[in-house]
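One is the number of the first residue; the rest follow in order along the sequence. Indexing begins at 1, ligand by ligand and atom by atom, following the structure's order. Because the structure is a prediction, the values reported are computed rather than measured.
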Amino acid sequence: MSSINQLLADRDRAVLWHPCTQMQDHEWLPLVPIRRGEGVWLEDHDGRRYLDAISSWWVNLFGHANPRIGAAVTGQARRLEHVLLAGFTHEPAIELAERLVALAPPGLSRCFYADSGSSAVEVALKMSFHYWRNSGRPAKTRFICLENGYHGETLGALAVGGLPLYKEAYGPLLMQALVAPSPDCYQRADGESWMDHSRRSFESMARLIAEHAHQTCAVIVEPLVQCAGNMRMYHPVYLRLLREYCDRHQVHLIADEVAVGFGRTGTLFACEQAGVSPDFLCLGKGLTGGYLPLSAVLTTENVYSAFYDRYTSLKAFLHSHSYTGNPLACAAALATLDIFEEEPVIERNRELASRMGEAVAHLANHPHVAEVRQTGMILAIEMVRDKASRTPFPWQERRGLKVYRHGLERGALLRPLGNVVYFMPPYVIAPEEIDFLASVAGEGIEIAVAE
Ligand SMILES: *Cc1c(COP(=O)(O)O)cnc(C)c1O
């Protein structure tokens, strides 16, 4: 007799086309239909449970079916589900903007809503370009980005990404960005500190900015962790130098904190660790605690005022998405911020983060692990074929997928990026659950590197 999982998977495959998926894989790789969630746990239709070690693609902060966020959303649904945000407004959008502006690094005093991380990136890119155009600098048309960076999948966001896997097929459609080497500390020399490596790799960025400032709108980076780029990490000094150079050469700085914002790296925003304020701060994913799609771009009064004029000057930012500032999503975000306000989330995360580090520390000595690295609530384990030379396993072997499958068997949702196994769990994970993940990951790596 077929399980309910199986029946749902069959119906799914008849009509659905899944994101980021070669659908043919599902001829042999079972889809996992989830019927409910609670805290860090997901439960499928056959009653099997999975610990969500990756926060459902990095969006969840305080657990699935969080009663508090759920109540805020249902309460809002009874009052007002949606109203357009042009000409009209509503209290959740106002209050959320007030609170984000108060929490964000200094100087970011304006909030523009969108509905996904990618659309927030599109907004920031367009606003930056349009700022320079409105300011009499129309020659500024280009963007500088980082190798191995990721900013989403829409064409503008893809163009400033640095991951060939997602980008290559669409090359002919994309604007040409200027690409600087990644400050990624996995590539540091033997004995070199993270700080020295990041400082040294800034030299190429410095040259690129100096040479192209006249035609460059902005530099866009993911602060501290290139998440989709295999969780590669770098030192905050890079952001400090970047801020200095952008200022010196009149180039905007766009901080894409869609993945690293809201406590992920050990501070509420990653930029805080470098003591810098970007010109544009992109927020998404965890903004609603993982409940609903919502994103925001925070920017400065200086940027805002370059658009503020008589209607006939045609300087306005005429960008919109239908669900901009959706009240249900804003209510979820407000409840999420309430939790940050009332509970010692950042301090608690510090303890959870050190537990994560301890739980997998032994893997650093594994003959097929090149590095165990961590920034706050993100921990990554890099599997390699040869440890001494750091030769990766060929991507075609899909070693990470073996870890994924082992995880499912053992009751953990681990979804490695290539050969990198990582934990990015909801902040409500218990210490024993961290230990459980560590043992599942350890076993999975053992299986994946065999033969
Ligand atoms: C996920 C991600 C995005 C894209 O967000 P979506 O909501 O998936 O469009 C943009 N930037 C970064 C850094 C991300 O991790």
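One finds no salt bridge joining Arg200 and Asp196 here, because no Lys/Arg side-chain nitrogen approaches an Asp/Glu carboxylate oxygen to under 4.0 Å. Using a cut-off of 4.0 Å between Lys/Arg side-chain N and Asp/Glu carboxylate O, Arg398 and Asp25 are scored as salt-bridged. The pair Glu95-Arg99 meets the salt-bridge criterion, since a charged nitrogen lies less than 4.0 angstrom from a carboxylate oxygen. In summary, Glu222 and Arg232 do not engage in a salt bridge, as defined by a charged side-chain N under 4.0 Å from a carboxylate O. Ion pairing of Arg373 with Asp184 is absent here, as no side-chain N (NZ or NE/NH1/NH2) approaches a carboxylate O to less than 4.0 Å.
Counting atoms of ligand 1 from 1 in the listed order, those under 4.0 Å from a heavy atom of Ser116 are 7 (O), 9 (O). Counting atoms of ligand 1 from 1 in the listed order, those under 4.0 Å from a heavy atom of Ala259 are 15 (O). Close contacts of ligand 1 with Gly152, meaning ligand atoms under 4.0 Å from a residue heavy atom, involve 4 (C), 10 (C). Remark: ligand 1 atoms within the under-4.0 Å shell around heavy atoms of Trp58 are 15 (O).
What sits closest to atom 6 (P) of ligand 1 on the protein, heavy atoms only, is Gly117 N, 3.4 Å. When hydrogens are left out, the protein atom nearest atom 9 (O) of ligand 1 is Ser118 OG, 2.6 Å; that is the closest non-hydrogen contact. When only non-hydrogen protein atoms are considered, atom 2 (C) of ligand 1 lies nearest to Lys285 NZ, 2.5 Å. From the protein, the heavy atom lying nearest to atom 12 (C) of ligand 1 is Asp256 OD2, 3.4 Å.
With sequence neighbours excluded, the residues satisfying salt bridge (charged side-chain N to carboxylate O under 4.0 Å, His left out) with Glu301 are Arg110.
Residue contacts with ligand 1 do not include Trp57, since none of its heavy atoms lies under 4.0 Å from the ligand.
A cation-pi contact, defined as under 6.0 Å to the ring centre and within 45° of the axis, is absent between Arg199 and Phe202.
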